[in-house]
Q: 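Next up is a structure, given as structure tokens.
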Amino acid sequence: IIDVEDKLVMPGIIDVHTHMREPGITYKEDFTTGSRACAKAGITTFYDMPNTIPTTTTLENLLEKKKLAGEKSIVNFGFHFGGSKNDNVEEIKKVLKNGDANTVKIFMNVTTGEMLIEDDEVLKKVFGNSKLVLVHAENEMIDKAIELNKNYGRGLYVCHIPSAEELKKVINAKKNNELNTKEHPVYAEVTPHHLFLNTEIRESTERNKMLLRMKPELREKSDNEFLWKAINRGEVDTIGTDHAPHLISEKLEKITFGMPGVETSLALMINASNERKISLEAIQKLMCENPAKIMKIEKRGKLQEGFFADIIVVDTQKEWIVGVDDTIESKCGWTPYENWKLKGKNTMTIVNGKIVYENGKINDSHNGKEINFLK
Ligand code: NCD
Ligand code: ZN
Ligand code: ZN
Ligand code: ZN
């Protein structure tokens with residue numbers, strides 16, 4: 001029996017968009033530190049992106065990554081396979097058949113990593129041989145991705161949409177029943193940083209000018225407002241963090257794209273609900289229900305066979321200061337929200353029926369085989 005008093009009990013957060021940096025870039029993050037950060041903040045499942053070293057663009061590399069996460073992660077996990085500029089369609093076919101990933105991530109603009117695909121023929125082949133394709137696509141690349149999905153694809157998930165202009169493109173596609181069909185669905189992801197941060201905050205201090213850099217870049221306050229409105233109209237499918245840790249030394253030395261996010265996403269959203277910007281129901285939809293549906297977690301047979309409860313307990317009234325009243329678990333050791341006063345904090349995380357986090361303490365004795373790999 002767990003007595004949660006007057007706290008909020010909700011399903012664990014599923015973060016569709018994280019970069020856990022293992023293998024190859026583990027001085028920034030690894031599956032141990034990244035999953036501890038998740039456990040602390042209420043994320044019971046993360047999906048990891050393929051821009052590691054080596055890139056997750058062969059079945060062999062994917063299986064190696066799966067093994068590493070299986071040994072280290074204290075929460076459930078899954079992977080997005082990577083589409084390669086060198087045409088790895090044969091590997092995509094193998095992976096989708098083998099089932100160790102069901103989704104393919106492609107990069108259509110320059111960002112951190114070496115995975116940009118510019119060749120239209122390669123893009124067509126990737127869409128033509130995948131199920132759901134997640135895209136890093138900005139501005140006119142969003143139009144292109146929507147077209148590719150319509151003509152060749154079987155599903156499009158537009159990552160980290162930063163602005164009114166770009167989100168309007170995706171909303172229009174979602175509302176168009178020739179572009180958004182059962183066979184070619186279109187999904188929209190928004191990150192916490194594009195909701196809570198903007199160029200004004202970035203330009204306010206020399207430090208922020210360096211730290212608050214990511215792709216897509218922060219936009220205006222009016223874009224924050226449009227994103228919130230769209231969320232409240234039900235036009236956005238998920239909140240994904242785009243957890244992309246880099247060391248603070250790297251960030252201050254030269255412009256480096258990406259910021260950590262898993263440790264603050266839920267608390268920021270609960271705080272926003274206290275400020276009447278969003279309902280708790282909408283938070284649950286965007287951070288738990290929709291990710292589960294889009295990643296088809298709910299449909300997997302394993303759900304009945306071997307999955308236990310992924311539940312979190314949130315104190316919606318707890319007031320705390322980020323980075324002061326908590327310990328940063330991410331290996332990068334910093335957060336863009338340092339010193340932010342928030343109301344609302346995760347107090348307990350239950351993964352597969354086991355408590356992995358309770359009142360400031362992480363229980364990491366349940367790593368390895370008790371954690372589920374999500375095919
Ligand atoms: C991400 C990273 O660092 O891996 N960086 C970023 O600025 N968002 C890559 C990405 O998601 O584009
Ligand atoms: Zn990206
Ligand atoms: Zn069709
Ligand atoms: Zn990303």
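Here the structure is a predicted model, which means the values were calculated and not measured. In each ligand, atom 1 is the first atom listed, and ligand 1 is the first ligand listed.
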Q: Would you say Phe257 and ligand 1 have an N/O pair spaced under 3.5 Å apart?
A: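 Yes, at least one N or O pair falls under 3.5 Å.
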
Q: Only one of Val95, Thr103, Asp100 passes side chain to side chain contact (heavy atoms under 4.5 Å, CB included) with Phe81; say which it is.
A: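 The side chain to side chain contact (heavy atoms under 4.5 Å, CB included) with Phe81 is passed solely by Val95 among Val95, Thr103, Asp100.
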
Q: Give the atoms of ligand 1, by number and element, whose distance to some non-hydrogen atom of His246 is under 4.0 Å.
A: 3 (O)

Q: Within His160, is some N, O or S atom less than 2.8 Å away from the Zn ion (ligand 4)?
A: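 No N, O or S atom of His160 is closer than 2.8 Å to the Zn ion (ligand 4), so no.
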
Q: By atom name, which N, O or S atom of His136 is the nearest to the Zn ion (ligand 2)?
A: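 In His136, the heteroatom (N, O or S) nearest the Zn ion (ligand 2) is ND1.
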
Q: Can you find an N or O of His136 that's nearer than 3.5 Å to an N or O of ligand 1?
A: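 There is such a contact, yes.
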
Q: What atoms of ligand 1 come closer than 4.0 angstrom to any heavy atom of Gly258?
A: 5 (N), 6 (C), 7 (O)

Q: I'd like to know if Lys124 pairs up with Glu121 as an ion pair, taking the criterion as any Lys NZ or Arg NE/NH1/NH2 lying under 4.0 Å from an Asp or Glu carboxylate oxygen.
A: yes

Q: Pull out every atom of ligand 1 sitting under 4.0 Å from any heavy atom of His17, numbered as shown with elements.
A: 11 (O)

Q: Strictly distance-based, threshold 3.5 Å: is any side-chain N or O of Asn232 a donor or acceptor partner for the main-chain N or O of Lys229?
A: no

Q: For Val89, does its backbone N or O pair with a side-chain atom of Asp87 as donor and acceptor, under 3.5 Å?
A: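 Pair found, side chain donor or acceptor close to backbone of Val89.
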
Q: Is the distance between the Zn ion (ligand 2) and the nearest N/O/S atom of Cys159 smaller than 2.8 Å?
A: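 Cys159 does not place any N, O or S atom closer than 2.8 Å to the Zn ion (ligand 2).
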
Q: Taking only Lys NZ, Arg NE, NH1 and NH2, and the carboxylate oxygens of Asp or Glu, determine whether Lys169 and Glu165 approach each other closer than 4.0 Å.
A: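 No, no charged N to carboxylate O under 4.0 Å.
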
Q: Tell me whether Glu90 is salt-bridged to Lys93, with the criterion being a basic N under 4.0 Å from an acidic carboxylate O.
A: yes

Q: Relative to atom 11 (O) of ligand 1, which among Lys215, Glu217, His19, Met20 owns the nearest non-hydrogen atom?
A: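 Among Lys215, Glu217, His19, Met20, the closest heavy atom to atom 11 (O) of ligand 1 comes from His19.
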
Q: Give the residue, atom name and distance (to 0.1 Å) of the protein heavy atom nearest atom 10 (C) of ligand 1.
A: Thr111 OG1, 3.4 Å

